[in-house]
Amino acid sequence: MGTKTQKKKTPLNFYRHSEVLQIGKDLLGQTLFTRFDGKLTGGMIIETESYMGAEDKACHAYGNRKTQRTRVMFENGGVAYVYLCYGIHHLFNIVTHKAGIPHAILVRAISPTHGIETMLKRRKKTKLSPSLTNGPGTVTQALGIHTRHSGVSLISDQIWLEKGLEINPDHILCSPRIGVAYAEEHALLPWRFHLADRHKNWFENNSSIT
DNA sequence: TTCCCGATTTACT
DNA sequence: GTAAATCGGGAAA
């Protein structure tokens with residue numbers, strides 16, 4: 001199964017041969033897919049945050065802190081890192097760089113494109129609105145991603161990416177990351193990336209974003 | 001083993 | 001706008 005999407009999957013070298021800030025931007029416009037229980041869901045990535053491993057105080061792997069939870073960040077790029085936040089929310093990250101370098105990128109928002117009925121059901125909603133997938137916790141709930149998926153390969157048939165829109169760099173906004181005030185001098189680094197005029201295009205024809 | 005607290009969301013007022 | 005909900009990770013003991 002999946003022969004049609006198979007060849008379109010974003011390849012592992014995409015995650016391993018660029019720098020985490022660049023990949024954070026390059027993820028914008030790509031489509032993130034999941035297929036659980038035969039249900040395909042997906043959406044275009046419109047907001048990310050990069051976490052630069054050992055040197056980044058906001059990163060779980062700061063100082064090469066290696067625990068059962070962060071272990072997956074040290075794997076070769078192209079796997080999922082999913083952890084629980086505030087005891088409630090499962091947050092999905094993409095591990096990048098080579099094995100031993102714990103870089104990762106948090107996916108903060110997507111614009112729903114595939115399996116919207118399924119996502120509405122998972123979110124216990126009846127109507128399409130921005131809140132379906134406009135935050136890191138809502139994205140994972142809509143896509144069915146759980147901490148049990150931490151470590152899953154991004155060329156698997158469960159979670160993967162596909163190339164989407166080419167984004168004009170002028171349309172990428174950079175700002176400080178959310179909720180990392182504790183990271184001291186690293187708290188204000190502009191490592192959050194999102195598409196300009198995203199609200200205008202949220203559920204509309206995405207081709208107008210380029 | 002205990003304790004503190006957070007890459008947040010939602011439901012209120 | 002403000003606050004409650006909720007629980008696993010990590011550090012200390």
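By convention in this document, chain letters (A, B, ...) are assigned in the order of the sequence lines, proteins followed by strands, and residues within each chain are numbered from 1.
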Practice task
Output, in order, the C-alpha distance, side-chain angles, deciding distance and verdict of ring-ring contact (aromatic ring centres under 6.0 Å, His included) for H97(A) and Y15(A).
Solution key: CA-CA 6 Å; H97(A) 216 291; Y15(A) 305 104; over 10 Å; no
Practice task
Show the numbers, then the answer: is there a ring-ring contact (aromatic ring centres under 6.0 Å, His included) between H103(A) and Y51(A)?
Solution key: CA-CA 6 Å; H103(A) 290 185; Y51(A) 288 83; over 10 Å; no
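Using a 4.0 Å heavy-atom cutoff across all strands shown, I88(A) reaches at least one base atom of the nucleic acid. Using a 4.0 Å heavy-atom cutoff across all strands shown, R177(A) reaches no nucleic acid atom at all. Heavy atoms of F92(A) sit nowhere under 4.0 angstrom from any nucleic acid atom. Using a 4.0 Å heavy-atom distance criterion, T70(A) is classed as a sugar-phosphate-only contact. In this structure, Y51(A) reaches the bases: a heavy-atom distance under 4.0 Å links it to at least one base atom across the strands shown.
Heavy-atom contacts of chain A under 4.0 Å fall on DNA chain C between two terminal nucleotides, which in 5' to 3' order are dA5(C) to dA11(C).
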Nucleotide N/O of nucleotides 10-13 of chain B paired with protein N/O under 3.5 Å:
from	atom 1	to	atom 2	distance (Å)
dT10(B)	OP1	R123(A)	NH1	2.9
dT10(B)	OP1	R123(A)	NH2	3.1

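The environment of CD in E185(A) is crowded: more than 12 heavy-atom neighbours from other residues, nucleotides or ligands sit within 6.0 Å.
The CD1 atom of I105(A) lies 5.0 Å from the OG1 atom of T96(A); values are rounded to the nearest 0.5 Å.
Here the C1' atom of nucleotide dT8(B) and the CG atom of N93(A) are 14 Å apart, to the nearest Å. Rounding to whole angstrom units, CG of residue L84(A) and P of dT9(B) are separated by 13 Å. What separates CG of L132(A) from P of dT9(B) is a distance of 13 Å, to the nearest Å. Across the protein-nucleic acid pair, H89(A) atom NE2 and dT8(B) atom P stand 9 Å apart, rounded to whole Å. Atom NE2 in H60(A) sits roughly 12 Å away from atom C1' in dC5(B) (whole-Å rounding).
No hydrogens or angles considered: a donor-acceptor pair under 3.5 Å links the side chains of T10(A) and Q30(A). Q141(A) and R122(A) share no side-chain donor-acceptor pair at under 3.5 Å. At a cut-off of 3.5 Å, with distance as the only test, a side-chain donor of T34(A) or T41(A) sits close to an acceptor on the other residue. Between the side chains of K125(A) and S131(A), at least one donor-acceptor pair of N or O atoms lies under 3.5 Å.
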Problem - Dot-bracket encoding of pairs in DNA chain C, which uses [ ] for pseudoknotted crossings and | for another strand, Watson-Crick or G-U under 3.5 angstrom - result: |||||.||||||.
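Within the cation-pi definition used here (under 6.0 Å to the ring centroid, within 45° of the axis), K57(A) does not qualify as a partner of Y182(A).
Ring planes of H60(A) and Y81(A): perpendicular class, angle over 60° (limits at 30 and 60°).
Salt-bridge check for E49(A) with R177(A): failed, with every basic side-chain N at 4.0 Å or more from each acidic carboxylate O.
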